[in-house]
Amino acid sequence: MFKKTRLFALPSFRNKVILASVICIVLPVIITLSIYNYLTKDAMKEQAISNANKELELAEEYVLKLLEDMLNITNFVQLNTELNAVLKEKAEQDDSSHQEYEQFLKDRTVMNTIENITLVGEKAQVTILLKNGKYYTNYSISDYNPLEIFQEEWFAQLDTKNGYESIWIDTAPTVFQSYQGTNPYQLSVARTLRNNNSEIYGYLVVTIFENTISQIFDNRLNDEEILLVNDENTILSHRDTDQIGKTFSYLNGLNKNETAIIDIENQHYLLTAKDISFNRWKLVSLVPYREAISNINSIFNKVFFLLLILFTIFFVILAYFINRITKPLVYLGSVVEKVQAGNLSVRSQIQTNDEIGRFSQSFDRMLDQINEMIKKTKATQARKRKAELAMLQAQINPHFLFNVLNSIRMKVFKHGDKESAKMISSLSKLLRMTIDTQKGMIPFAEEVSIVSDYVFLMNMRQKEKVSFITNITNESYQHTIPRFILQPIIENSIIHGLNQKAGTITLHALTTKDKFIVEIEDDGQGMVKEKLLEIQKNIKLLGDKKRHQNSFSSIGLSNVYERLVMTFGKEFEMKVDSSEGKGTRIILLIPEKGVGIDV
């Protein structure tokens, strides 16, 4: 028989379980969904950029096909041997030439060729203009007089072009009268025609109408705006003809083939630009960012609401089962309260086969031995506190400190402060190496890592930075040397050689047949000859009296020398070379087969 209690009247076990379930389920779900929503913003942006690029690439294929067709026409005219022969002959003739029928046939050949090469693809207006005023066109001269080309502003540029070089002429009002109503603008490409002596005998102009390109833009997505601009960001083609000739200033500062999100009249737009390979023009796509991510955002919202619905259903089921499971515990809690009040005759009478039932039966049996159990419990609690204290003391060791430092580094790194994270990591590694006295010999690669971290930390202390450069062969990294051999030398270079100012320290290491050579040099103030001779004479005592009191390590050059001699024997050599104003160089010559002891 169970006693009924109000659900939230007391902080009962049931309430705690429900609250813990809510915290352990709701909070992770909220955090997960928040992180998911944050991360999907980048995913949506990337997908929107990808979609915009694909759409622009598709439009680019059609536009390039039109422009390449124009180039193909110019290439055909230049490369067709028969056509060139006729054009060169016509360019050299005057109006008094006889054989009119033969000339008529040749003119007919040129006209037919022009008509044939413009049958495939979009209609292009082709003009072949010879220097003597003779011309050939695939349009009626009543629409446009080809001789007017000589008066165009861009025409003078043609004489500066060679071979297959072309001039791409920006959008201009249509000059062909019969097309002006339906095709208000045109784009052209022009090229010179030259003989074997590279002398110009004529000019070739191929023209298409601007709406041939803008029709391609009309077939794109309704919310996408595509335009063709020149290198000065002037709009050459747009489905809104009123925009042609205006400057599209939003491309300023945008790198080649880059995608960016810009603000236009307080609205975000996805701007994508692609350069056309063979001229100075580029295609630009402009899509409202909200529209670009709408489909993707819709999918993510559906996923979000699905997760929310599933969580709600799961939580209701969980609450029901928790209530069923904890109901005997609620009653058992009331029994415990009676025992606490001094009623040792009360019994729980819970008869189930699960853990709660077994616990209830054990509790009933323990009531008969409550006094003894209290004593045992007190003794157990005392031992437990001692064990916990001993365990806590055992955990507070250097490795614990290193783990804490590493945790701090990760939190700093997650907050974007990479420099501070790196500084903590370097300090942690140096402290670990300093305290770990069990490692006498370490790989040279590990020693290089130590001094790299040391230089990094010194740079954090100094206003002026020191550059640390390594030039080490792969074989050198495999050698083992006593730890903290390089650090005192690097420290001397920073404090005494560079005088804590900006400079460069270079570490060289290479392996010969019988030597492992390590060289440390700086470009600091160096030393006078007398000082150098004194150091070379007393190299074993170097640094004992001159050691910096606030340095990271108290190990001097003399100690470095002594440790290396103890490790590798008397065959080890240390050389010091320096000149005033030209820096200092220290060379360690370690025997390849040196025998020593770990120190």
Side-chain angles (χ1 to χ4, degrees), residues 48-71 118 121-125 168-189 206-252 254 256-295:
I49 291 173
S50 176
N51 291 342
N53 283 326
K54 289 179 181 178
E55 288 293 330
L56 191 59
E57 287 172 0
L58 187 59
E60 182 185 24
E61 290 182 11
Y62 290 104
V63 174
L64 287 179
K65 178 63 170 58
L66 286 174
L67 301 181
E68 286 172 355
D69 285 346
M70 297 173 69
L71 286 178
T118 57
E122 293 292 336
K123 178 66 175 178
Q125 313 299 318
W168 287 91
I169 303 161
D170 294 345
T171 303
T174 299
V175 297
F176 306 100
Q177 294 183 6
S178 61
Y179 292 96
Q180 289 175 349
T182 56
N183 304 279
Y185 293 99
Q186 65 182 35
L187 298 95
S188 303
V189 60
V206 179
T207 302
I208 64 170
F209 297 115
E210 178 276 333
N211 60 6
T212 305
I213 297 177
S214 61
Q215 286 174 2
I216 298 173
F217 303 158
D218 281 334
N219 293 331
R220 305 267 62 82
L221 301 176
N222 292 331
D223 54 2
E224 181 181 21
E225 187 175 353
I226 299 180
L227 50 151
L228 180 67
V229 299
N230 63 11
D231 58 339
E232 297 178 350
N233 297 335
T234 301
I235 299 175
L236 304 179
S237 181
H238 195 287
R239 55 189 174 192
D240 181 5
T241 55
D242 293 336
Q243 299 297 322
I244 295 176
K246 295 182 179 179
T247 300
F248 190 74
S249 59
Y250 301 101
L251 287 173
N252 295 332
L254 191 69
K256 181 179 180 181
N257 294 336
E258 185 182 357
T259 301
I261 297 177
I262 62 172
D263 288 333
I264 301 177
E265 297 179 355
N266 298 323
Q267 185 175 354
H268 294 309
Y269 284 85
L270 192 63
L271 178 64
T272 307
K274 281 188 175 294
D275 288 347
I276 294 175
S277 58
F278 47 79
N279 61 17
R280 298 169 289 108
W281 298 348
K282 64 184 72 171
L283 280 172
V284 179
S285 170
L286 196 63
V287 185
Y289 187 66
R290 184 186 299 273
E291 299 296 332
I293 64 172
S294 60
N295 292 335

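Keep in mind the model is a prediction, meaning the values are calculated, not measured.
Atom CD1 of residue Ile244 and atom CG of residue Asp170 lie 11.5 Å apart, to the nearest 0.5 angstrom. If you take CD1 on Ile208 and CG on Asn183, they are separated by 10.5 Å, rounding to the nearest 0.5 Å. Ile264 CD1 to Glu225 CD: the interatomic distance, rounded to the nearest 0.5 Å, is 8.0 Å. Rounding to the nearest 0.5 Å places CD1 of Ile261 at 13.5 Å from OH of Tyr269.
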Show, in sequence, the C-alpha distance, side-chain angles and deciding distance for Trp281 and Leu187, and conclude whether the side chain to side chain contact (heavy atoms under 4.5 Å, CB included) test is met. CA-CA 12 Å; Trp281 298 348; Leu187 298 95; 3.6 Å; yes

Pair Glu210, Ser237 - check side-chain hydrogen bond (donor to acceptor under 3.5 Å, both in side chains), show working. CA-CA 6 Å; Glu210 178 276 333; Ser237 181; 2.8 Å; yes

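In this structure, Gln267 contributes its side chain and Pro288 its backbone to no donor-acceptor pair below 3.5 Å. Side-chain atoms of Ser214 do not come within 3.5 Å of backbone N or O of Arg239 as any donor-acceptor pair. Side-chain atoms of Thr247 never come within 3.5 Å of backbone atoms of Thr234 as a donor-acceptor pair (strictly under, hydrogens ignored). Checking side-chain atoms of Asp263 against main-chain N and O of Asn266 turns up no donor-acceptor pair under 3.5 Å. Between the side chain of Asn211 and the main chain of Thr182, a donor-acceptor pair closer than 3.5 Å is present. A distance-only check finds no donor-acceptor pair linking the side chain of Thr272 to the backbone of Ser285 [under 3.5 Å].
When Ile216, Ile276, Thr171 are each tested for a side chain to side chain contact (heavy atoms under 4.5 Å, CB included) with Leu228, only one passes: Ile276. In summary, of the residues considered (Ile213, Asp275, Val63, Leu227), a side chain to side chain contact (heavy atoms under 4.5 Å, CB included) with Leu283 occurs for Val63 alone.
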